[in-house]
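Below is one structure, written out as structure tokens, with a few remarks after it.
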Number of protein chains: 2
Amino acid sequence: MAIDKSLLTGSATMLILKLLDETNMYGYQMIEELRKKSNNTFELKAGTLYPLLHTLEQKNMLTSYEETADNARVRKYYSITKFGRKHLKEKKEEWKAYTAAVNGVLGGASFATA
Amino acid sequence: MAIDKSLLTGSATMLILKLLDETNMYGYQMIEELRKKSNNTFELKAGTLYPLLHTLEQKNMLTSYEETADNARVRKYYSITKFGRKHLKEKKEEWKAYTAAVNGVLGGASFATA
DNA sequence: CCTCCATATGTAGGTGATCTATATACTATA
DNA sequence: TATAGTATATAGATCACCTACATATGGAGG
């Protein structure tokens, strides 16, 4: 990962919820999607994702179901819940406020668009 | 702090270096400046700042000197080094790339300006 | 056929940034 | 003279994410 991993903290949950807000997905697919949508910036690790999915399911932000693919391989799909969407919305607002604050320190409003 | 603290990870160093890139400061002053410049979004804790300043000095990104204020109180001022400025530049580029990637996932280029 | 790589999910243990809690000490104000 | 604000500092806890490891299936090439 080109980006210092320590900058990532806290974003993984938001990004996963965002993916699932568009369509149901299985874990491995989320890793691929995040990589594509971020132009190879994000390389979310399997060891990070799966425990996180379990936690989010326990917190009732996601539900899961198994589905057999064409090749008879079983995949575990995740679906976002109403509570998950609410949480996503909050996280997005936090993200906006946070980036605005950082950019404010980094050199005023001009920084973000420079 | 309105913002989930977990979103902060990794930014403290960059923000401190940025403050010192403008003018020399002492620790307590940095906390105040960050709070002001971020419209009360950042409340950097003393217990976070001081160990971080010591670490950055050990890494030769900062140097320090003591100065006595009008009221005879001794303050420890920090000054950014050439190496510190180089590091700041790198961190700023990482920050830009990271926010671009997150915004890319969150809904395309339109998100940041929405 | 068999080996290797990609797909797919999972757990255990470690790292690192930040926090809370605590300590010290001086200054200003009520 | 007590309380709040200024100013610096350390110890221990928390939490997100990582690496390393484990397991199993499917497809491709030798």
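By convention in this document, chain letters (A, B, ...) are assigned in the order of the sequence lines, proteins followed by strands, and residues within each chain are numbered from 1.
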- Nearest of D:dC18, D:dT8, C:dT7 to any side-chain atom of A:Arg75? C:dT7

- Message: Tell me whether the side-chain N/O atoms of B:Lys45 come closer than 4.0 Å to OP1 or OP2 in C:dA17.
- Response: no

- Message: At less than 3.5 Å, do the side-chain atoms of B:Arg73 and the base atoms of D:dT6 form a donor-acceptor pair?
- Response: yes

- Donor-acceptor contact below 3.5 Å, side chain A:Lys45 vs main chain A:Glu43: yes

- Let me know which of B:His54, B:Lys76, B:Glu57 forms a side-chain hydrogen bond (donor to acceptor under 3.5 Å, both in side chains) with B:Ser64. B:Glu57

- Take atom CG of A:Leu49 and atom P of C:dT11, then tell me their distance rounded to the nearest Å. 12 Å

- Message: In this structure, how many angstroms lie between the P atom of C:dT9 and the CD1 atom of A:Ile16, rounded?
- Response: 13 Å

- Task: Would you mind reading off the distance between A:Leu56 atom CG and C:dT9 atom P, rounded to a whole angstrom?
- Result: 15 Å

- Message: I need the CD-C1' distance between A:Glu66 and D:dA24, as an integer number of Å.
- Response: 14 Å

- Could you state the atom-to-atom distance from CG of B:Leu15 to P of C:dA17 in whole Å? 15 Å

- Message: Within this structure, what is the NE2-CE distance for the pair B:His87 and B:Met61, rounded to the nearest 0.5 Å?
- Response: 4.0 Å

- Query: Which nucleotide in the set D:dC17, C:dA8, D:dA7 lies at the smallest distance from any side-chain heavy atom of B:Tyr50?
  - Reply: D:dA7

- Task: Please tell me which of the listed nucleotides, C:dT20, C:dA8, D:dT10, lies nearest to the side chain of B:His54?
- Result: D:dT10

- Can you say whether the rings of B:Tyr65 and B:Tyr77 are parallel (under 30°), tilted (30 to 60°) or perpendicular (over 60°)? parallel

- Base, sugar-phosphate alone, or nothing: which one does B:Gly27 contact when heavy atoms must sit under 4.0 Å apart? sugar-phosphate

- Note on the structure: Rounded to whole Å, CG of B:Leu53 lies from P of C:dT18 at a distance of 12 Å

- In terms of side-chain heavy atoms of B:Tyr28, which of D:dA7, C:dT11, C:dT9 is nearest? D:dA7

- Pairwise 5' ranking along DNA chain D for B:Glu32 and B:Tyr78, keeping only the more 5' one: B:Glu32

- Item | Nucleotide C:dT9, atom C1' - distance to OH of A:Tyr77 in whole Å | 14 Å

- Message: Between C1' on C:dT9 and CG on A:Leu62, what's the gap in Å once rounded to a whole number?
- Response: 16 Å

- Taking all non-hydrogen atoms of both residues into account, name the closest pair between A:Leu49 and A:Gly27 and its distance. CD2-O, 3.1 Å

- Message: Which nucleotide wins on minimum distance to the side chain of A:Leu52, given the candidates D:dC17, C:dT18, C:dA6?
- Response: D:dC17

